[in-house]
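See structure below.
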Amino acid sequence: MISKLSNRITQSLLKRNIILDEDKELYDYGLFMIISYIVFSLISMLFGIALNIPFSSMLFYIAFCLIRNFAGGIHAKSEIKCDIITTVSILISEILIKIFIDYNLIWIAFVMLIISSICLCVIRPVASSQKEISQQEQLNFHKKVIALTCLILIISIISIVLGAYSITISLSLGLSLANVLLVLGKIQNTLQKKFVL
């Protein structure tokens, strides 16, 4: 999958002496993240084209990625599970965007946006066993989540005032998905700590 591709690229860079052996893990991770973002942005765009909401699908995906990057949350145990869950989550979110736009459910989207914004600003970023973060990193990430959430909220309010409801709906669903994953990650971490102790 994506990890195999990133590993092959890293191995190729090593063989050509472009990178050092001690940097292999860093390049593996970096390439994995870049390829993942490209693959899932293409998947999001394809779903958006199929649902006739290409612009909304990209806005949703950008908002989701910006928040998810710093908020963290639940992570699947394997890459294949992660790929399937991410693809299904994107599809469901974009179907909801289509429904919300078609039926003009702007106020439901706005309520979802407010609830997600509050949760994202209150709950600290969640580390996982796959991606540990220090207390200082958690604090820095939380500040970034708050700043990005406020920016998205301001853009959404301006979009409502201007009557560009599809922008607010897209951003709302992006924040909502990131929020759901954050809350599930918090629950998962709490349960793991309970059963370990």
| request: From the options Ile115, Leu113, Leu120, Ile114, select the one residue that forms a side-chain contact (heavy atoms from CB on, under 4.5 Å) with Ser117. | output: Leu113

| Taking the side chain as C-beta and beyond, is there a heavy-atom pair between Asn140 and Phe70 under 4.5 Å? | no

| query | What are the two closest heavy atoms between His142 and Arg124, and how far apart are they? | reply | CD2-CA, 3.8 Å

| message | Any side-chain to backbone donor/acceptor pair from Ser41 onto Ile38? Under 3.5 Å, distance only. | response | yes

| query | Near Phe55 CZ, under 6.0 Å, is it more than 12 heavy atoms from other residues, nucleotides or ligands? | reply | no

| task | Say whether Val39 and Ile62 are linked into one hydrophobic cluster, either directly or through other cluster members, by side-chain heavy-atom distances under 4.5 angstrom. | result | yes

| task | Indicate, with yes or no, if Leu46 and Ile2 share a hydrophobic cluster defined by side-chain heavy-atom contacts under 4.5 Å among Ile, Leu, Val, Met, Phe, Trp and Tyr. | result | no

| request: Give a yes or no on whether Tyr29 and Leu14 share a hydrophobic cluster (residues Ile, Leu, Val, Met, Phe, Trp, Tyr; joining criterion: side-chain heavy atoms under 4.5 Å apart). | output: yes

| remark: Closest non-hydrogen contact found for Leu177 with Ser93 is CD2-OG, 3.7 Å

| query | Do you reckon Leu162 sits in the same ILVMFWY cluster as Phe110, going by side-chain contacts under 4.5 Å, direct or chained? | reply | no

| request: Hey, could you give me each pair passing side chain to side chain donor-acceptor pair (under 3.5 Å) that has a residue in residues 164-185? Not counting sequence neighbours. | output: Ser56-Ser170, Ser116-Ser176

| message | Among Asp102, Ile95, Ile101, Leu96, exactly one meets side-chain contact (heavy atoms from CB on, under 4.5 Å) together with Lys98. Which residue is that? | response | Asp102

| said: Consider side-chain contact (heavy atoms from CB on, under 4.5 Å). Of Ile169, Ile90, Ile53, Leu171, which one does Phe60 pass it with? | reply: Ile90

| CA sep, side-chain torsions, deciding dist, call: Tyr37, Asn69, side-chain contact (heavy atoms from CB on, under 4.5 Å) | CA-CA 11 Å; Tyr37 283 126; Asn69 226 15; 2.6 Å; yes

| task | Begin with the C-alpha distance, continue with both residues' side-chain angles, and end with the deciding distance and a verdict on side-chain contact (heavy atoms from CB on, under 4.5 Å) for Ile74 and Ile187. | result | CA-CA 9 Å; Ile74 195 164; Ile187 292 167; over 6 Å; no

| Pairs where residues 7-16 contributes a residue and the test side chain to side chain donor-acceptor pair (under 3.5 Å) is met, not counting sequence neighbours | Asn7-Asp28, Thr10-Asp28

| note | Value for CD1 (Ile157) from CD1 (Ile152), rounded to nearest 0.5 Å, stands at 12.5 Å

| note | Distance col, row Leu181:CG vs Lys186:NZ, nearest 0.5 angstrom, shows 15.0 Å

| Taking Ser57 for the side chain and Pro54 for the main chain, is one N or O donor matched with an acceptor at less than 3.5 Å? | yes

| request: Check the pair Asp83 / Phe40 against side-chain contact (heavy atoms from CB on, under 4.5 Å), numbers first and verdict last. | output: CA-CA 9 Å; Asp83 293 344; Phe40 287 114; 3.7 Å; yes

| Do you know the tightest heavy-atom contact between Pro125 and Leu182? | CA-CD1, 4.3 Å

| said: Under a 3.5 Å distance rule, please check whether Glu79 uses its side chain to pair with a backbone N or O of Ser3 as donor and acceptor. | reply: yes

| query | Got a sec: does the CD of Gln135 have more than 12 other heavy atoms crowding it under 6.0 Å? | reply | no

| Hey, what do you get for CD1 (Ile9) to CG (Leu31), rounding to the nearest 0.5 Å? | 5.5 Å

| task | Spell out, yes or no, whether Val88 and Leu42 are grouped together once hydrophobic residues are joined by side-chain heavy atoms under 4.5 Å, including indirect joins. | result | no

| request: State whether the number of non-hydrogen atoms from other residues, nucleotides or ligands found under 6.0 Å of Tyr27 atom OH is greater than 12. | output: no

| said: Which heavy atom of Ile85 sits nearest to which heavy atom of Ala76, and what is that distance? | reply: CD1-CB, 4.4 Å

| note | CD1 of Ile160 to CH2 of Trp107, rounded to nearest 0.5 Å, is 5.0 Å

| field | Euclidean distance, Leu148 CG relative to Leu175 CG, rounded to 0.5 Å | value | 9.0 Å

| message | Rounded to the nearest 0.5 Å, what separates atom NZ in Lys144 from atom CD1 in Ile67? | response | 12.5 Å

| query | Is there a donor-acceptor pair closer than 3.5 Å between any side-chain N or O of Glu137 and the backbone N or O of Ser134? | reply | yes

| Got Gln188 and Leu191 here, is their nearest side-chain heavy-atom distance under 4.5 Å? | no

